[in-house]
Amino acid sequence: MPRYNPKSVEPKWQAYWDQHQTFATSAEPKKDNNGKLYVLDMFPYPSGSGLHVGHPEGYTATDIVCRYSRMKGKHVLHPMGWDAFGLPAEQHAINTGTHPRVTTYENIATFKRQLKSLGFSYDWNREFSTTDPDYFRWTQWIFLKLYDTWYDPTFTWTGPDGLQRTGKGRPIAELPIPEEVTAQGTEAVRRYQDENRLAYQSFAPVNWCPELGTVLANEEVTADGRSDRGNFPVERRPLRQWMLRITAYAERLINELEPLDWPESVKALQRNWIGRSIGAEVDFPLAPRRAGGVNPLSSADLEKDFHLFKSTRSRTGFPTSPDQNVLRVYTTRPDTLFGATYMVIAPEHLLIDELTTDDQKPAVETYRQQAALKSDLDRTDLAKTKTGVFTGSYAINPVNGQPIPIWVADYVLSTYGTGAIMAVPAHDSRDLEFAHAFKLPVVPVVQPPDNSDPIGFTAEGFAINSGEFTGLPTAEVKTKITAWLAESGLGRQAINYRLRDWLFSRQRYWGEPFPLWHELDDHGNPTGLIRTVPLDQLPVVPPDMDDFKPKGTPDPPLSWAPQEWLYKTDTDGVKLVRETNSMPQWAGSCWYYIRFADNKNPDNFIDPELEKYWLPVDLYIGGAEHAVLHLLYSRFWHKVLFDLGYLSRPEPFQKLVNQGMILGEASYFTYAPEKFSGHALNDPVAAGLVSSEFTKFASTDDESNNIYEDTRNGAKLIEVELPKEKIEPRGGKQYIIGTDFQVTIRSEKMSKSRGNVINPDDVVEQYGADALRLYEMFMGPLDATKPWQMNGVEGVYRFLARAWRMITDENLADEVTINPAIEDVPMTEAQERLLHKTIKAVTNDIESLSLNTAISRLMEFTNEFASAQPRPKAAMETFVLLLSPYAPHLAEDLWQTLGHPNSLAYYPWPTFDESKLVESELEIPVQINGKLRAKIKIPATASKEEMEAAAKSDPQIIAQLEGKTIVKTVVVAGKMVNFVVK
RNA sequence: GCCUUGGUGGUGGAACGGCAGACACAGGGGAUUCAAAAUCCCCCGCUCGUAAAGGGCAUGUGGGUUCGAAUCCCACCCAAGGCACCA
């Protein structure tokens, strides 16, 4: 057989690793401990369609790091599991009648078989699924911890990491209860606590997706108001929901991001998502109205009232919450206060009735109803035309005493800041648009540094028309006005976040049930009071049900669960009904990295000692699509558990790497008039209607339907895909066969509809797992988006076969034996140098995850040694060790052929000797005026003078220097010589 | 509009401020073979030049710093991803 045959080699070693438990990780560190290394892949959702080529990309990278690190003597934790709750299994169940539990575990089996066929060195003893009751018992337990916690923003403390922080999640029992609440009895106290928990109920409008039959978190809704998953419409509805108070942690989620070794893009994404902004809250006193609410006001009344307000405020200071006679706004530009010419409140603002005068009531009421009906999509869609209605009331600008009108408009969001703004049309584009639409005054207060028109200028400049602040630069005005506001009790510095609390409940069956009961009164109605399921009664398992199809209403499927599951009477006689919402898919993935370190612990979610030893995850690799959702949620849970003392580090993932997307094979396109769409592909070509001269005319959402314009005659063109057989390369460009029409080459995302999906099983079948692994790493940098090329797999397969032939004897028919060219002889100096260079390069490349170049080095090595006679055995052994993280099956087999009976998985990683890298002779470039003119050979030890002399004696250089004067000579020892001449 | 990351041969991609294009793929030529597969050897950025010798031009565009720039700085263009009435 001795041809390289992955089909016999690979299963053999997979069985060996299984049998010998080669990759089982002991809980205890080994004696010769070189430290621990926790390397984690983002665990997959086991979908029905099986593994995709995108999965093995990240998995191979982590596997290489793990195999390498074990050989370096590290205590490696490398687990795998399943994120298996979620919609697809449930949707499939609804369509086919198969219970999601059944489908889920079938899919897991497929995924596991596929992963095993790729030879990943997971410790399968640590496998679990988020759907295992043993696991979600602790997911529910963590939820109860969140429920049992409130955030104290003023608490200063030092954590187990030795850092001092202000702000801490603390047990709800430690929440100070105001006296007036205590006075109202225990029920009032319970309700007061409920308002402060990190897990709380909300009745605000939420994103309801009728198609999916569930509500969605803000993060799961796209900018155009559709579901992230499935792209269905989403509408706003007020529904009772469970929320998690992630906003309490906003500041820490931003600050503690800094020291992490994460891609800058992901950090930026999280920072943007949290959206911290610094500004000021300012109270605008409401102008008094004459009896009967008739305006305008008399200026005498106004002045009197304003003075009274100011003198009161300078005594009392700025109140924590605004009193009745003011409108509080948030602004990031307190420096533009003098330019505030009107105010706007959101249609949902609490003071709206207060502020609306009788004669404006009908108009405001109508507007408010219209706004309520609009979805977020409508609101943003109408961004171009601003709408709004005057309330009839005025507020007084605290800096100058001027009365300004208060409007209602839906361009102001009730959920951000105070739900009200001061409008400075001169320096805010939205306010300017609104002011133009409703003919409101525009007062410029910032002069651009270049003295251009201040109207519409939104950057920093110098204050104008701003009283005592006139002439100062923006930054200074900001601080000075804020200070003045604070002093006079009219405002204060404030920080706001774009981040909203996390909507944590879903109306689906296939998720973790909440471990909560609602108390019922004598009539069976909920009282609003909650009881938790005692910790020793966890988990709460979803009841057995056949019908979990959404009814098109927001009632969760669990609301028609069997009575015995749904109701009970507690020991004190109080009737209870279960919470029937379930947790979102994110819940399970929020903490799985913790459980992997101690997956079988029946008494604790993790043993504290194991937690200290294994966490945090040292290297976490996965797709960029989780940049905000999963990674932000995990960090939040982690911090709560940290505050409560269950975890000893503040962050879960020390280093994060996003693997790039793998696109389908390149396709070829030409451009033809629209009427040809749908015709046979060669029609437009034959008809001579194809054009190579065009510009992009318009884009559509669907990329394949972009429209182009023929630059010769203005005709509209569309893209037409051509089969590869229609293409011929000529003069370095690609043309349609027999024509002068150039084609465009482009790669697209893999998708079922395009028919360009590559199934890893097929690649393994044809070329083997080692070739697939190697190819995915050889394609390019790990984090880059790159197109698949089957020819490339062929290429690395040839390399593996070459490595095989270098070491085994192909001439024997049946038996795998060592190649007779391999002898126990010393290496030549050149061979030794190449070997040590290769060890150095491959080692450094793994450390920096530059896996594509490491493979290049191994190829170079093979290109040299494959034809060497004899081939020193020691060099071959080192090569096999270097190759083993990439192509482990082949390497194990070659290792055996070289006479080693045991696995190389823990054999020490080769080391290099710096002194062996030194060349005796160097070839260096000689430049004239920075241009390469010759290459000369010099001894490695040559001095600068010797190098210069050698360069000057080169015939090429002599000829080039003829008749010129050397102005300057630059010599870099061992590197190059440059003559600057005139 | 804002943020992030990119832009190098026909293709994927290499390159501590010092020989641009390593390593592959595709393509061309040759050897081996009855023939093929497999394998091995050679050529391969564009261009002038006879296919030589030897030039010229080349890392999105335009400037700058430097003896020397794919690499550093400034401006712009393009692509991908994300955010977007967040005051």
Original post:
Any chance the side chains of A/Thr415 and A/Arg500 put a donor and an acceptor closer than 3.5 Å?
Top reply: yes

Original post:
Picking from B/G13, B/C23, B/C83, which would you name as closest to the side chain of A/Asn852?
Top reply: B/G13

**OP:** Indicate, with a heavy-atom threshold strictly under 4.0 Å, whether A/Arg802 touches base, sugar-phosphate, or nothing.
**Re:** sugar-phosphate

Original post:
Side-chain contact, heavy-atom cut-off 4.5 Å: A/Ile278 with A/Gln493?
Top reply: yes

Original post:
Does one side chain, of A/Thr60 or A/Tyr775, offer a donor that lies under 3.5 Å from an acceptor on the other?
Top reply: no

Original post:
Does a side-chain N or O from A/Arg805 land closer than 4.0 Å to OP1 or OP2 of B/A38, or not?
Top reply: no

Please write out each protein N/O paired with an N/O of nucleotides 67-69 of chain B under 3.5 Å, distance rounded to 0.1 Å.
{"from": "B/C67", "atom 1": "O2'", "to": "A/Asn978", "atom 2": "ND2", "distance (Å)": "3.2"}
{"from": "B/C67", "atom 1": "O2", "to": "A/Asn978", "atom 2": "ND2", "distance (Å)": "2.6"}

Subject >> OP1 or OP2 of B/A24 under 4.0 Å from side-chain N/O of A/Asn863 >> reply: yes

**OP:** Identify whether the distance between the nearest side-chain nitrogen and carboxylate oxygen of A/Glu948 and A/Lys952 falls below 4.0 Å.
**Re:** yes

Subject >> Qualifying ring pair (Phe, Tyr, Trp, His ring centres under 6.0 Å) pairs, either residue in residues 957-982 of chain A, two or more places apart >> reply: none

Original post:
How far, in whole Å, is B/G81 from B/C85 if one measures between their C1' atoms?
Top reply: 23 Å

Original post:
How far, in whole Å, is B/C43 from B/U4 if one measures between their P atoms?
Top reply: 46 Å

Subject >> Separation of the C1' atoms in B/A80 and B/A31, to the nearest angstrom >> reply: 47 Å

Original post:
If you measure from the C1' atom in B/C40 to the same atom in B/C16, how many Å do you get, rounded?
Top reply: 37 Å

Original post:
Given the side-chain rings of A/Tyr797 and A/Tyr4, with only the six-membered ring counted for Trp, is the space between their centroids under 6.0 Å?
Top reply: yes

Original post:
Can you check whether A/Arg798 has a side-chain N or O nearer than 4.0 Å to OP1 or OP2 of B/C25?
Top reply: yes

Original post:
Is A/Glu57 paired with A/Arg773 through a side-chain N to carboxylate O contact shorter than 4.0 Å?
Top reply: no

Original post:
Just how far, in rounded Å, is P of B/A14 from CE of A/Met777?
Top reply: 13 Å

Original post:
Counting side-chain heavy atoms from CB outward, which of B/C19, B/U11, B/A22 is closest to A/Gln789?
Top reply: B/U11

**OP:** Could you tell me the separation between the CG atom of A/Leu432 and the C1' atom of B/C85, rounded to a whole number of Å?
**Re:** 14 Å

Original post:
So, do A/Phe879 and A/Phe865 have ring centers that fall under 6.0 Å from each other?
Top reply: no

Subject >> A/Trp788 side chain reached by A/Leu663 side chain, heavy atoms, under 4.5 Å >> reply: no

Subject >> Between P of B/A87 and CG of A/Asp410, the distance in whole Å >> reply: 18 Å

**OP:** Using a heavy-atom cut-off of under 4.0 Å over every strand shown, decide if A/Pro781 touches base, sugar-phosphate, or nothing.
**Re:** sugar-phosphate

Original post:
Between A/Tyr367 and A/Thr387, is any side-chain donor less than 3.5 angstrom from a side-chain acceptor?
Top reply: yes

**OP:** Output yes when at least one side-chain N/O atom of A/Arg498 is less than 4.0 Å from OP1 or OP2 of B/A84, else no.
**Re:** yes

**OP:** Could you give the distance separating B/C74 and B/A79 at their P atoms, to the nearest angstrom?
**Re:** 23 Å

Would you list the protein and nucleotides 63-65 of chain B atom pairs, both N or O, that sit under 3.5 Å from each other?
none

Subject >> Side-chain donor or acceptor of A/Asp410 paired with backbone N/O of A/Pro347 under 3.5 Å >> reply: no

Original post:
Base, sugar-phosphate alone, or nothing: which one does A/Glu794 contact when heavy atoms must sit under 4.0 Å apart?
Top reply: nothing

Original post:
Counting any heavy atom closer than 4.0 Å, what does A/Arg933 reach on the DNA or RNA strands: base, sugar-phosphate only, or nothing?
Top reply: sugar-phosphate

**OP:** Just compare B/C19, B/A87, B/A26 and give me whichever is closest to any side-chain atom of A/Asp428.
**Re:** B/A87

Original post:
Mind checking the P distance from B/A38 to B/G27? Whole angstroms is fine.
Top reply: 12 Å

Original post:
Is the phosphate of B/A87, meaning OP1 or OP2, less than 4.0 Å from a side-chain N or O of A/Asn496?
Top reply: no

Original post:
Would A/Glu264 and A/Arg271 pass as an ion pair if we require N to O under 4.0 Å?
Top reply: yes

Original post:
Out of B/C23, B/A15, B/A87, which has the shortest distance to the side chain of A/Glu860?
Top reply: B/C23

**OP:** Using the ring of A/Tyr411 (Phe, Tyr or Trp, six-membered ring only), decide whether A/Lys386 places NZ or CZ under 6.0 Å from its centre and within 45 degrees of its axis.
**Re:** yes

Original post:
Which sits closer to the 5' end of RNA chain B, A/Gly275 or A/Pro925, going by the nucleotide each is nearest to?
Top reply: A/Pro925

Subject >> Modelled atom types, side-chain donor and acceptor of A/Thr853 and A/Ser856, under 3.5 Å >> reply: no

Subject >> Nucleotide B/A84, atom C1' - distance to CG of A/Leu413 in whole Å >> reply: 11 Å

Original post:
Under 4.0 Å between a side-chain N/O of A/Gln956 and OP1 or OP2 of B/G54, yes or no?
Top reply: yes

Original post:
Taking atom P of B/A87 as reference, at what distance in whole Å does atom CD of A/Glu281 sit?
Top reply: 13 Å

Original post:
Which part of the nucleic acid does A/Thr415 contact within heavy-atom distance under 4.0 Å: base, sugar-phosphate only, or nothing?
Top reply: nothing

Subject >> With sequence neighbours excluded, residues passing salt bridge (charged side-chain N to carboxylate O under 4.0 Å, His left out) with A/Glu281 >> reply: A/Arg328, A/Arg492

**OP:** Identify whether any heavy atom of A/Gly795 sits under 4.0 Å from a base atom; if not, whether one sits that close to sugar-phosphate; answer base, sugar-phosphate or nothing.
**Re:** sugar-phosphate

Original post:
Step by step, would you call A/Phe338 with A/Val443 a side chain to side chain contact (heavy atoms under 4.5 Å, CB included)?
Top reply: CA-CA 8 Å; A/Phe338 284 88; A/Val443 177; over 6 Å; no

Original post:
Given that A/Ser277 and A/Lys749 both sit by RNA chain B, which one's nearest nucleotide is further toward the 5' end?
Top reply: A/Lys749

**OP:** Mind calculating the distance between NZ (A/Lys837) and P (B/C16) to the nearest angstrom?
**Re:** 15 Å

Name the pairs: protein N/O against N/O of nucleotides 71-73 of chain B, kept only if under 3.5 Å.
none

Subject >> A/Leu631 CG to B/G81 P, straight-line distance once rounded to whole Å >> reply: 20 Å

Original post:
If you measure from the C1' atom in B/A70 to the same atom in B/A15, how many Å do you get, rounded?
Top reply: 9 Å

Subject >> Separation between the P atoms of B/U33 and B/A24, rounded to whole Å >> reply: 27 Å

Original post:
Once you round it to whole Å, what is the distance between C1' of B/G12 and CE of A/Met661?
Top reply: 16 Å

Subject >> Contact under 4.0 Å: A/Lys931 side-chain N or O vs B/A20 OP1/OP2 >> reply: no

Original post:
Contact class for A/Lys267 (heavy atom, under 4.0 Å): base, sugar-phosphate, or nothing?
Top reply: nothing

Distances for protein N/O vs nucleotides 3-7 of chain B N/O pairs under 3.5 angstrom?
none

Original post:
With distance as the sole test, does A/Asn852 use its side chain to make a donor-acceptor pair with the main-chain N or O of A/Met779 at under 3.5 Å?
Top reply: no

Original post:
Should A/Arg857 and A/Lys837 be marked as a side chain to side chain contact (heavy atoms under 4.5 Å, CB included) after you check the CA-CA gap, both sets of side-chain angles, and the distance that decides it?
Top reply: CA-CA 9 Å; A/Arg857 299 301 193 152; A/Lys837 273 186 167 172; 5.7 Å; no

